[in-house]
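All values derive from a computational prediction rather than experimental measurement. We count ligands from 1, going down the list as the structure has it; atoms in each ligand are counted the same way.
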Amino acid sequence: MKLFKTAIFTVSAVLLFASCSNKYKNDTKLAVEDGKTVVERYGQLQVIGTDLCNKDGQPVQLRGMSSHGLQWYGKFANENVIGWLRDDWNCQLWRAAMYISEGGYLSSKAIKTRVTDSVEAAIKLGVYVIIDWHVLGTKDPLAHVEQAKEFFDEMSKTYGSYPNIIYEICNEPNGEKVTWKDSIKPYAEQVIKTIRANDPNNIIIVGTPVWSSQPQLAAKDPIKADNIMYTVHFYAGTHGKTDRKNIKEALKLGAPVFCTEWGTTMASGDGGVFEKSTLEWMKFFEENNISWANWAVNNKGEDSGILGFNKDRDGKGGWTEKDLSPDGKLIRKILRNEIK
Ligand code: IDC
């Protein structure tokens, strides 16, 4: 009996110690807490080790939504929608996905106003905002490095003094010839230099090879600069254990990781909602303090869109359950901490 009691005591003491020493335990993951927005509470973000941290150096996990392509569904990039996502969905973060090809920035710079609308709404609402240079069809980020420098020079000059801003400088480099060493890293070094001339502090997130799935390759040859993180993307119907292993390896090598885009579906953005796999990923992200933005806010009718087909055509927010797709219902629950 005595032995049994000692064993119970030892186990409880170990568990108590483990929970107290969990460095992520004070993170409430709330968009607004005691009347204070997340940006009022966390302020200037910084990277310490592999953790994203608040102004006081405490690790924090940011969670929120990504826009869909702003050239198609930019009407949702407004204060009403971002405010609704903050207050009803508990989003701490909005990602403005500015495609450069597929009818995006390279064909019409006017799309930039969807980014600036997003940033101004985020500043007003006290949420963080990712400015995403959405490289996809053009594969190699170096191919448009001059345009990227011009764009980020303007963004960082205009908004660099606000702690709300996070720069994502290349969404998904892809293509066999697009390597970390010869393309992504030299691209990133140039763009980082441009941003840092105007904004010494805000976080800069760098894409990784193969549609941002290989952070461990970046981790082996990291960029020498402060407050840099590396992108990882996943789609729950396509990616799983192997991808998490790559992330673990990157973290072990000391590379901070941020998931700027993920979906509950197949990588096509369609093909059903994979709830079980999604929740496995969420657990992994929580345990490893990895911040994320979910793809995507739109009413296109594809499975990864949070709204049902053609719902909220005017982009007003204020949605009821009936407006949400199965994906939308699941993501809302996750963000509201109603499901784990
Ligand atoms: C998809 C959209 C889809 C659009 C397509 C254009 O969901 O409506 O027709 O882009 O190419 C990504 C990309 C993201 C993709 C998404 C889903 O970053 O732009 O959006 N995805 O396929 N990487 C993996 C998946």
Side-chain angles (χ1 to χ4, degrees), residues 64-77 93-108 111 114-115 118 130-141 143-144 148 166-175 178 184 205-215 230-240 242-244 246-247 257-274 277-278 281 285 291-313 315 325-328 330-331:
M65 288 305 305
S66 175
S67 75
H68 194 272
L70 290 174
Q71 75 276 40
W72 299 308
Y73 294 94
K75 67 181 168 204
F76 293 108
L93 174 70
W94 169 257
R95 176 186 191 232
M98 191 187 75
Y99 279 66
I100 63 163
S101 58
E102 287 95 352
Y105 182 82
L106 298 175
S107 42
S108 168
I111 194 177
R114 300 298 197 181
V115 177
S118 294
I130 297 178
I131 301 178
D132 164 30
W133 181 257
H134 202 83
V135 172
L136 188 64
T138 52
K139 298 178 180 213
D140 184 351
H144 300 97
I166 298 173
Y167 307 95
E168 181 182 6
I169 61 175
C170 47
N171 167 53
E172 290 185 356
N174 63 88
V178 179
I184 309 168
I205 310 177
V206 183
T208 59
V210 197
W211 291 280
S212 286
S213 69
Q214 309 283 314
Y230 300 93
T231 318
V232 80
H233 288 174
F234 82 87
Y235 279 76
T238 307
H239 306 104
T242 315
D243 304 273
R244 289 194 286 269
N246 289 341
I247 298 172
V257 173
F258 196 123
C259 177
T260 52
E261 181 190 305
W262 70 272
T264 60
T265 61
M266 308 282 289
S268 62
D270 240 322
V273 170
F274 293 78
S277 166
T278 293
W281 275 100
F285 280 180
S291 297
W292 56 258
N294 175 263
W295 187 261
V297 178
N298 70 87
N299 61 358
K300 182 178 178 175
E302 63 182 4
D303 291 335
S304 57
I306 61 165
L307 294 170
F309 178 62
N310 263 344
K311 297 287 184 188
D312 190 14
R313 287 178 201 215
S325 66
D327 167 82
L330 175 60
I331 302 299

Is the closest side-chain donor-acceptor distance between T264 and D327 under 3.5 Å? yes
Closer than 4.0 Å to some heavy atom of H134 - which atoms of ligand 1 meet that? 13 (C), 14 (C), 18 (O), 19 (O)
Numbered atoms and elements of ligand 1 in range of K300, under 4.0 angstrom, heavy atoms: 3 (C), 4 (C), 8 (O), 9 (O)
Is it true that W94 and S118 share a donor-acceptor pair across their side chains at a distance under 3.5 Å? yes
Of the listed options G263, A296, A267, closest to atom 17 (C) of ligand 1 (non-hydrogen atoms): A267
Report yes or no: does a heavy atom of W211 sit under 4.0 Å from some atom of ligand 1? no
Protein heavy-atom partner closest to atom 13 (C) of ligand 1 - residue, atom, separation in Å: E261 OE2, 3.3 Å
Part of Y99 with heavy atoms under 4.0 Å of ligand 1, whether side chain, backbone, both or neither: side chain
For the aromatic rings, using the six-membered ring if either is Trp, is the centroid distance between F234 and H239 under 6.0 Å? no
Protein residue, atom and distance nearest to atom 24 (C) of ligand 1, heavy-atom basis: Y235 CE1, 3.3 Å
Near N171, which atoms of ligand 1 are under 4.0 Å from a heavy atom of that residue? 18 (O)
Test item: side-chain donor near acceptor, H233 and T260, under 3.5 Å: yes
Does W72 have its ring centroid less than 6.0 Å away from the ring centroid of Y99? yes
Where on H233 is there a heavy atom closer than 4.0 Å to ligand 1, on the side chain, on the backbone, on both, or on neither? neither
Ligand-side contact atoms (ligand 1) for residue partner S268, heavy atom cut-off under 4.0 Å: 17 (C), 22 (O)
Interfacing atoms of ligand 1 (cut-off 4.0 Å, heavy-atom, G269): 17 (C), 22 (O)
Taking every non-hydrogen atom, the tightest pair across S277 and A236: OG-O, 2.8 Å
Between the side chains of E261 and S66, is a donor N or O closer than 3.5 angstrom to an acceptor N or O? no
Shortest protein contact, atom 2 (C) of ligand 1 (heavy atom only): H68 NE2, 3.4 Å
Suppose we call two aromatic rings close when their centres sit under 6.0 Å apart. Are W295 and H68 close by that rule? yes
Quick one: does E302 get within less than 4.0 Å of ligand 1, heavy atoms only? yes
So, for W292 and F258, is the gap between ring centers shorter than 6.0 Å? no
How does L136 reach ligand 1, if at all, at less than 4.0 Å between non-hydrogen atoms: by side chain, backbone, both, or neither? side chain
